[in-house]
Amino acid sequence: MLDLKFIRENPEQVKRAIEVKHISLDLDELLRLDRDLIALKQRVEAMQTERNANAKLVPKATPDERPALIQKGKDLSEELKALEPQLRGEEEKLKNLLLRVPNIPLDSVPLGQDDTENVELRREGTLPQFAFKPLDHVELLELQGWSDPERVARVSGSRSYLLKGEAVMLEMAVLTFTLDFLAGRGFTPLSTTALVRPETFTASGHFPGGEDQVYKMEGDEMMLAGTAEVPVNSLYAGEQLQQSQLPLAFAAISAAFRSEAGAAGRDVRGLIRVHEFRKVEQYVLCEADQAVALEWFEKILKNAEDLLAALELPYRIVQNCTGDMGAGKVLMYDIESWVPSEEKYRETHSCSYLGDWQARRTGLRYRDEAGKLVYAHTLNNTGIASPRILVPFLENHQQADGTIRIPAALRPYLGGKEVIGKPVR
RNA sequence: GGAACGGUGUCCGAGUGGUUGAAGGAGCACGCCUGGAAAGCGUGUAUAGGUGCAAGCUUAUCGAGGGUUCGAAUCCCUCCCGUUCCGCCA
């Protein structure tokens with residue numbers, strides 16, 4: 001959500017954001033509604049002033065004066081009752097429009113329609129050279145007896161997965177390693193539920209718009225979040241923090257659920273796109289200073305890069321163009337890891353800076369040094385998401401005999417093993 | 001699932017119809033005091049909106065919505081949320 005005052009004062013800037021982000025929203029309608037609402041409010045308030053003043057006179061009035069005052073109060077009350085529902089209705093309408101107003105991207109963000117126009121910033125790591133024909137992750141899992149696709153499908157349908165044997169330990173290792181790593185960089189580890197109240201999605205900015213991505217509970221209001229960003233963002237909702245309490249930086253592990261509506265037929269095979277997965281998410285709440293926030297952006301980006309480097313996975317950094325960045329975002333980079341079987345990079349991380357857009361929806365405020373209440377800035381980036389990360393991991397580290405080499409950084413989390421799997425080729 | 005209790009300001013907590021935006025305390029800020037600090041003393045300290053150059057004026061807000069009333073934090077109804085106890089249970 002943007003500050004309504006800002007929207008009034010900078011309509012052109014907002015319109016441009018709406019345009020480049022391809023959001024269907026009539027800002028003029030919003031502005032018109034806003035103007036009408038102010039006029040209506042002024043009318044109502046004038047009447048309220050009169051009513052209040054009148055009511056104050058009653059106890060002081062003489063018995064003779066009283067009936068007239070009470071009658072006047074009745075009339076005013078009557079009139080107000082007619083207007084108040086209208087006022088409330090208009091306010092509701094404005095609020096709904098306001099929730100759809102996107103944040104303004106930085107000037108440096110490339111313009112574009114969709115993800116095909118994202119811009120590669122750089123590539124890191126060395127692509128693996130195989131002296132044999134590498135297998136894809138699905139084949140590797142099967143070869144090692146680490147998966148059981150037919151049976152899981154029977155139990156949990158498509159886009160589900162199951163890990164078995166050493167692959168389970170690998171998944172746990174990757175998650176634990178990430179938590180450990182981020183904790184070492186000052187992030188507070190957090191284990192959260194994915195089951196959340198619906199309003200947390202509005203707070204995070206996923207609603208309105210993302211409703212069809214979210215699983216809802218039958219007979220219950222609760223919903224399943226697709227990322228710990230949702231619960232963590234709402235953790236301090238409505239509170240008034242002290243600036244000295246900031247920044248708050250979390251490494252939150254949770255299950256993540258996504259319906260993947262609209263992704264029909266895409267990545268149905270393997271571990272890339274599943275309905276339920278586990279993720280460690282970096283989430284930062286910092287002071288409302290863009291320079292400070294952008295430093296955090298670099299930090300959480302670097303964290304993810306260093307993690308990938310430790311896992312010895314080649315990756316590239318892609319800057320999301322305006323059409324692919326989401327309404328709330330000011331700046332967004334994806335990290336894509338190399339997937340040998342597809343001979344391309346696939347998104348494994350997504351790093352976002354949202355200014356105060358998310359905090360304003362959530363009510364994340366703090367008192368600054370001058371004693372003023374201001375909305376904080378928020379950022380988030382993936383730490384690691386599994387099983388998706390296992391795709392590049394297994395494929396990049398496979399050896400000729402079908403075993404998987406474990407990078408040194410991960411070995412302590414796997415009982416020191418340098419290799420997992422049996423030689424089966 | 002059953003039952004009871006409760007939701008007030010940054011926090012704790014008073015407040016059952018009229019000048020209560022809300023006692024008191026804590027916290028915080030500033031000042032005095034001090035070699036420095038603590039304690040102590042004093043003063044100040046809600047948010048959002050409208051209007052105004054400003055001082056200010058004004059409206060809303062005591063979980064939410066509705067009702068009663070000239071007037072509601074206070075009375076009534078509905079809903080939401082929380083806590084506790086019992087039951088069930090990984």
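In what follows, chains carry the letters A, B, and so on, assigned in the order in which the sequence lines appear, proteins first and then strands, with residues in each chain numbered from 1. Keep in mind that this is a model prediction, so the values were computed, not measured.
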Base, sugar-phosphate or nothing for [X]? Non-hydrogen atoms, less than 4.0 Å.
| X | answer |
| --- | --- |
| A:R197 | sugar-phosphate |
| A:L76 | nothing |
| A:R8 | sugar-phosphate |
| A:R66 | nothing |

Write down the partner of [N] under the Watson-Crick or G-U wobble criteria, each distance required to be under 3.5 Å.
| N | value |
| --- | --- |
| B:G87 | none |
| B:C62 | none |
| B:A26 | B:U10 |
| B:C57 | B:G50 |
| B:U68 | none |
| B:G40 | B:C32 |
| B:G17 | none |

Gap between atoms [atom1] and [atom2], on [X] and [N] respectively (whole Å):
| X | N | atom1 | atom2 | result |
| --- | --- | --- | --- | --- |
| A:Q245 | B:C11 | CD | C1' | 12 Å |
| A:E50 | B:U59 | CD | C1' | 14 Å |
| A:L80 | B:G67 | CG | C1' | 16 Å |

Without hydrogens or angle criteria, can the side chains of [X] and [Y] be said to hold a donor-acceptor pair below 3.5 Å?
| X | Y | value |
| --- | --- | --- |
| A:H22 | A:Q113 | yes |
| A:S234 | A:T200 | no |
| A:S204 | A:N233 | no |
| A:E142 | A:S147 | no |
| A:Y333 | A:H349 | no |

Short side-chain N/O contact from [X] to OP1 or OP2 of [N], under 4.0 Å:
| X | N | value |
| --- | --- | --- |
| A:R367 | B:U47 | yes |
| A:R360 | B:A48 | no |
| A:K74 | B:C70 | yes |
| A:T49 | B:C57 | no |
| A:R88 | B:G66 | yes |
| A:N52 | B:U59 | yes |
| A:K81 | B:C70 | no |

Separation between the C1' atoms of B:C53 and B:G66, rounded to whole Å: 43 Å

If you measure from the P atom in B:A22 to the same atom in B:G44, how many Å do you get, rounded? 13 Å

A:N54 side chain, from C-beta outward: closest of B:C70, B:A60, B:U59: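 Among B:C70, B:A60, B:U59, the one nearest the side chain of A:N54 is B:C70.
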
Counting only side-chain heavy atoms from C-beta out, which of B:A48, B:G49, B:A60 sits nearest to A:R365?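 When the side chain of A:R365 is considered, B:A48 is the closest of B:A48, B:G49, B:A60.
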
Identify, between A:K72 and A:K60, the residue whose nearest nucleotide on RNA chain B lies closer to the 5' end.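 Its nearest nucleotide lies further toward 5', so the answer is A:K60.
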
Heavy-atom nearest nucleotide on RNA chain B for A:L69 versus A:Q240: which residue maps closer to 5'? A:Q240

Where the side chain of A:K21 meets the backbone of A:K329, is there a donor-acceptor pair that is under 3.5 Å apart?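 It does hold such a pair.
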
